[in-house]
Amino acid sequence: MPWHGQGAYAVWLSEIILQQTRFEQGLPYYLKFIESFPSVNDLANAPSERVMQLWQGLGYYSRARNLHKAAQTIRDEFGGVFPNTYEAILSLTGIGPYSAAAIASFAFGLPHAVVDGNVYRVLGRIYGIETAIDSTKGKKEFQALADTLLDPKLPGDFNQAIMNFGATHCTPQQPKCETCPFNKECSAYLTERVQTLPYKEKKIKLKQRFLHFILLESDSHIIVQERRGKDIWQGLYTLPMLELSDDRLALDNDWKGFFKTQGWTGFRGELALIGEESQLLSHQKLKMRFYRAAMPDTFVGQYGIAKEQAASYGYPKTIAAFLQKKKGSAS
DNA sequence: TAACCGTGGCA
DNA sequence: TTGCCAAGGTT
């Protein structure tokens, strides 16, 4: 790394730039900054417009503002010398526990263990830790474990090594367990929990959708529609579907508008709610309601297909179950 | 504690 | 193409 052995200022700069940022993406920015501001005082004395301009395109712009502010704090309160204790480093704006430990260990050889996303993953898997990493309890537990494991003689090397291992070997997806030096003792590997560890408390936010299906049928015919486009169930068939943005019943007016979009005219029948189902998909929570109406005679030839033919199509699980149940109750 | 902050690589 | 998510920290 170009900041290796270049002092605390260079290490700090690199850590802030690389927060939540890939090395390849951050590297050009580090080079620009270290060239434009060779010392912390150069950075502190620079106009904020210049700092923001150099940061442009890197994202998370509060990092640049905090960086500039911290440089001025170092100039004004630390005599222009980068602080050399963990607590003092941590007190600077924009520096949290991770960055403070990284700078303390890399620049000053202080025994503070870093805990970043890589460390959570490596330790969580090897030790089989189920505690959620986004909980207060989990953060304490992982920090304590990392502090215990840290080699106090070579804290910088230890920290760099564990992060590197996480980034290149114990990766989030498709980790190289077959060639992993820990695969004889890794709890997650031995118990097939590699995919589920480390565990996060916050569940993926499921998008809630409200889908309404209408069973338009005569004795012999029914209307089904193929799913097209990028949405769920592509290529499968469903009953004609109306989606609403909130949790309420579809009213006559909703269906009227829907029929219009379908180009269906002449419908006069009564609509009745005949069923409700919920289904959980990987990223969607579906609330499905089923309605029924008699198919107008004019629809049969135009839009309907024979029920025998409809039986040969593929349907989403819940739709198929509904149709099966309906068929059973009718006969 | 939870929401928010930006961008680019990748499956 | 869309959504995940990557060397976190602040409010």
Side-chain angles (χ1 to χ4, degrees), chain A residues 1-4 10-30 32-33 52-70 73 86 89-107 112-124 132-140 142-143 146 155-175 195-207 209 228-235 281-285:
Chain A
M1 303 302 178
W3 47 86
H4 206 257
V11 171
W12 169 52
L13 202 49
S14 73
E15 288 300 335
I16 301 303
I17 286 174
L18 292 180
Q19 277 173 14
Q20 302 282 285
T21 305
R22 282 185 166 73
F23 173 80
E24 296 79 10
Q25 188 190 355
L27 182 59
Y29 286 85
Y30 170 80
K32 278 197 294 184
F33 266 82
M52 298 310 291
Q53 182 189 26
L54 282 176
W55 198 274
Q56 187 181 343
L58 194 54
Y60 279 122
Y61 295 95
S62 64
R63 288 184 295 169
R65 293 193 297 273
N66 290 335
L67 184 80
H68 196 204
K69 186 179 175 187
T73 300
Y86 175 82
I89 296 169
L90 183 61
S91 76
L92 295 169
T93 177
I95 295 181
Y98 163 77
S99 300
I103 297 166
S105 64
F106 296 154
H112 292 273
V114 296
V115 180
D116 71 343
N118 290 306
V119 177
Y120 279 126
R121 195 165 57 250
V122 172
L123 297 186
I133 63 172
D134 55 351
S135 67
T136 303
K137 186 185 172 191
K139 285 172 184 167
K140 284 183 182 173
F142 277 85
Q143 182 70 59
D157 288 351
F158 177 92
N159 284 335
Q160 191 62 58
I162 191 169
M163 286 194 289
N164 235 339
F165 181 71
T168 62
H169 212 99
C170 193
T171 50
Q173 305 299 327
Q174 299 167 1
Q195 292 300 326
T196 60
L197 292 177
Y199 174 70
K200 281 188 185 178
E201 201 166 60
K202 288 180 193 166
K203 286 159 189 162
I204 302 166
K205 281 186 182 170
L206 295 177
K207 186 184 176 187
R209 298 178 69 175
R228 299 180 179 280
K230 298 173 288 189
D231 205 358
I232 53 174
W233 303 327
Q234 193 179 334
L281 274 53
S282 60
H283 290 86
Q284 298 185 27
K285 191 175 176 185

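Side-chain atoms are counted along with the backbone in the values below, which use heavy atoms only and exclude waters and symmetry mates. Below, chains carry the letters A, B, ... as their sequence lines are ordered, and counting in each starts from 1. Here the structure is a predicted model, which is why all the values come from computation and not from measurement.
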A:Lys139 NZ to B:dA2 C1', in whole Å, measures 10 Å

For the side chain of A:Ser99 and the backbone of A:Gly96, is there at least one donor-acceptor N/O pair under 3.5 Å apart?
no

Base, sugar-phosphate, or nothing for A:Gly57, non-hydrogen atoms under 4.0 angstrom?
sugar-phosphate

Can you tell me which residue pairs pass the side-chain hydrogen bond (donor to acceptor under 3.5 Å, both in side chains) test with a partner in residues 21-30 of chain A, sequence neighbours excluded?
A:Thr21-A:Arg63

Those residues at least two apart in sequence (or on a different chain) that pass ring pair (Phe, Tyr, Trp, His ring centres under 6.0 Å) with A:Tyr86 are A:His112

Looking at residues at least two apart in the chain, or sitting in another chain, which of them share a ring pair (Phe, Tyr, Trp, His ring centres under 6.0 Å) with A:Tyr98?
none

Using atom P of each nucleotide, how far apart are C:dA7 and B:dC4 to the nearest Å?
23 Å

For A:Arg65 and B:dC4, give me the distance from atom CZ to atom C1', rounded to whole Å.
12 Å

At under 4.0 Å between heavy atoms, how does the protein contact nucleotides 6-11 of chain C? Give one character per nucleotide, 5' to 3', with B, S or -.
BBBSS-

Starting at NZ of A:Lys137 and ending at P of B:dT1, how long is that distance when rounded to a whole Å?
13 Å

Whole angstrom is fine here: how far is it from CD in A:Glu24 over to P in B:dG8?
14 Å

Distance, P atom - from C:dC4 to B:dA3, rounded to whole angstrom
16 Å

Expressed as a whole number of Å, how far does the C1' atom of C:dT11 sit from that of B:dT7?
22 Å

Not counting sequence neighbours, list each pair that qualifies as a side-chain hydrogen bond (donor to acceptor under 3.5 Å, both in side chains) and has a residue in residues 158-174 of chain A.
A:Ser105-A:Asn159, A:His169-A:Thr179

Euclidean distance for P, B:dG8 against C:dG9 (whole angstrom)
22 Å

Mind listing the side-chain donor-acceptor pairs of residues 54-62 of chain A below 3.5 Å, one per line with the distance, residues two or more places apart or on another chain?
unit_1  : atom_1 : unit_2  : atom_2 : d
A:Trp55 : NE1    : A:Gly59 : O      : 2.9
A:Tyr61 : OH     : A:Gly57 : N      : 3.0

A:Asp134 atom CG is separated from B:dC4 atom P, nearest whole Å, by 16 Å

